[in-house]
Amino acid sequence: MTTTSRAIAPGEAPAAGSPLSTLALFGFVVTAWSLNWVVMKVAVQEIRPLWAVAIRTALAALVLFPPLLATRQLRRPPRADLPVLLAISLFHMTAFAALMTMGLALVPAGRAIVLGYTTPLWVAPAAFLFLGERISARQSAGIVVGLVGLLLLFGPASLDWGNRQALLGQVLLLAAALCWSVSIVYTRAHRWVATPLQLMPWQCLLATMVLASLAVLVEGPPPDPGRTSTAALLALAYNGVIGTALGFWAMTVVNRRVPATTAALGVLATPVLGIGLSAAVLGEGFDPMLILSAFIILAGIAMGVTGRKRSA
């Protein structure tokens, strides 16, 4: 999931909310997104990856359209927002989600979480190249630290280079992180007309059509619900309704109540909790090298986030 939100316009007051409710929503986001990886690992053991992502995205669209319509927030996407709608739909909801799920089918969930959350390491260099954003010394140091942690994950002590399946899975996860960074960088440059929440159901709808088309071409007919276990069906339902639709809504509210740096740093708790849940729920165990790599990568990301704030 992304934490990008519409910037508050000059003179516009931030959304009101008690500190306790904001903290509760933040806790919900971190927990929901951490469990996303675990439940999707359960789903892809039975359902092919592209169909799994297409189904969960369709569920998210079904959940988002009715409440926005009931509260009169549903609107046709403005023409000025079509580029960002396409960028998020194709690079985040389609490319990132599909590559992430295919990689998750090949590697343990704990390792997949860490690789998926390397996205911020690629955002700063891309923003420098395409948006002209300056990279502070602290950001540069954070990128180097994060890359050191990433190299540890690919070192001989952590990865069996003879295992082609595991290697392919990790390459897919890194490619997913790069696709997510493209979406984030474009989102930064875009001048929003509608809010992210108003655009999200349309993004889900477009992503569902693209993913379903790809799934038919690559994986064949959709899965038969009668031959799918209850655990896999519940995993997809959780991922689409709670992890995607409600998680995005909650993060949108949090983003409007707290500073961007606070939100970005708080979300770093997601992979930490995700590793713990993967070990507890899936029985993956605690890999010392994975934990060390995750700590170094997240430390580098935290340095980059605070460095961007100071530079701005």
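Here the structure is a predicted model, which is why all the values come from computation and not from measurement.
No donor-acceptor pair closer than 3.5 Å links the side chain of Trp122 to the backbone N or O of Trp180. Judged by distance alone, with hydrogens and angles left aside, the side-chain atoms of Gln203 form no donor-acceptor pair with the main-chain N or O of Met93 at under 3.5 Å. With hydrogens and angles ignored, the 3.5 Å screen pairs a side-chain donor or acceptor of Ser181 with a backbone N or O of Leu178. Judged purely by atom type and a 3.5 angstrom limit, Glu284 uses its side chain to pair as donor or acceptor with the backbone of Ala109. Panel note: side chain Thr270, backbone Ser34; no donor-acceptor pair is recorded below 3.5 Å. Between the side chain of Gln73 and the backbone N or O of Gln198 there is no donor-acceptor pair closer than 3.5 Å.
For the side chain to side chain contact (heavy atoms under 4.5 Å, CB included) criterion with Ile88, the lone passing option out of Leu199, Thr94, Thr187, Ile184 is Thr187. No option in Leu69, Leu62, Leu64 other than Leu64 meets the side chain to side chain contact (heavy atoms under 4.5 Å, CB included) test with Pro201. A side chain to side chain contact (heavy atoms under 4.5 Å, CB included) with Val114 is found for one member of Leu173, Leu290, Leu150 and no other, namely Leu290.
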Which side-chain N or O atoms in residues 231-243 pair as donor and acceptor under 3.5 Å with protein atoms at least two apart or in another chain?
{"from": "Tyr238", "atom 1": "OH", "to": "Ala32", "atom 2": "O", "distance (Å)": "3.1"}
{"from": "Asn239", "atom 1": "OD1", "to": "Arg56", "atom 2": "NE", "distance (Å)": "3.4"}
{"from": "Asn239", "atom 1": "OD1", "to": "Arg56", "atom 2": "NH1", "distance (Å)": "2.4"}
{"from": "Asn239", "atom 1": "ND2", "to": "Asn36", "atom 2": "OD1", "distance (Å)": "2.9"}

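Put simply, CG on Leu197 and CG on Leu68 are 5.0 Å apart, with the number rounded to the nearest 0.5 Å. Taken to the nearest 0.5 Å, the CE atom of Met100 stands 10.5 Å off from the OG1 atom of Thr119. Ser278 contributes atom OG, which lies 9.0 Å from atom CG of Leu273 (distance to the nearest 0.5 angstrom). Taking CH2 of Trp37 as the reference point, atom CG of Leu277 lies at 13.5 Å (rounded to 0.5 Å).
Under a hydrophobic-cluster definition in which Ile, Leu, Val, Met, Phe, Trp and Tyr are linked whenever side-chain heavy atoms come within less than 4.5 Å, directly or via other members, Met289 and Ile296 are assigned to the same cluster. Follow the hydrophobic side-chain contacts under 4.5 Å out from Val144 and you never reach Phe154; the two are in separate clusters. Hydrophobic clustering, with ILVMFWY side chains joined whenever heavy atoms are under 4.5 angstrom apart, keeps Leu23 apart from Val29. Taken together through direct or relayed side-chain contacts under 4.5 Å among Ile, Leu, Val, Met, Phe, Trp and Tyr, Leu86 and Leu205 form part of one hydrophobic cluster. Under a hydrophobic-cluster definition in which Ile, Leu, Val, Met, Phe, Trp and Tyr are linked whenever side-chain heavy atoms come within less than 4.5 Å, directly or via other members, Val281 and Leu104 are assigned to the same cluster.
In this pair, His92 and Phe96 present their aromatic rings tilted. The plane angle is within the 30 to 60° band.
In this structure, the side chains of Trp192 and Val84 come closer than 4.5 Å at one or more pairs of heavy atoms. You'll find the side chain of Thr244 stays beyond 4.5 Å of the side chain of Thr57, heavy atoms only.
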Task: Trace of the side chain to side chain contact (heavy atoms under 4.5 Å, CB included) decision for Ser89 with Val210 - done: CA-CA 9 Å; Ser89 296; Val210 175; over 6 Å; no
Open item on the list: Quick one, Met102 with Leu99, criterion side chain to side chain contact (heavy atoms under 4.5 Å, CB included). Give me CA distance, side-chain angles, the key distance, then yes/no.
Closed with: CA-CA 5 Å; Met102 288 189 289; Leu99 291 169; 3.8 Å; yes
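Within 6.0 Å of CZ in Phe128 there are 12 or fewer heavy atoms belonging to other residues, nucleotides or ligands.
The six-membered or imidazole ring of Trp202 lies near that of Phe65, with a centre-to-centre distance under 6.0 Å.
Scored by the salt bridge (Lys or Arg N to Asp or Glu O under 4.0 Å) test, Arg191 finds no partners at all (sequence neighbours excluded).
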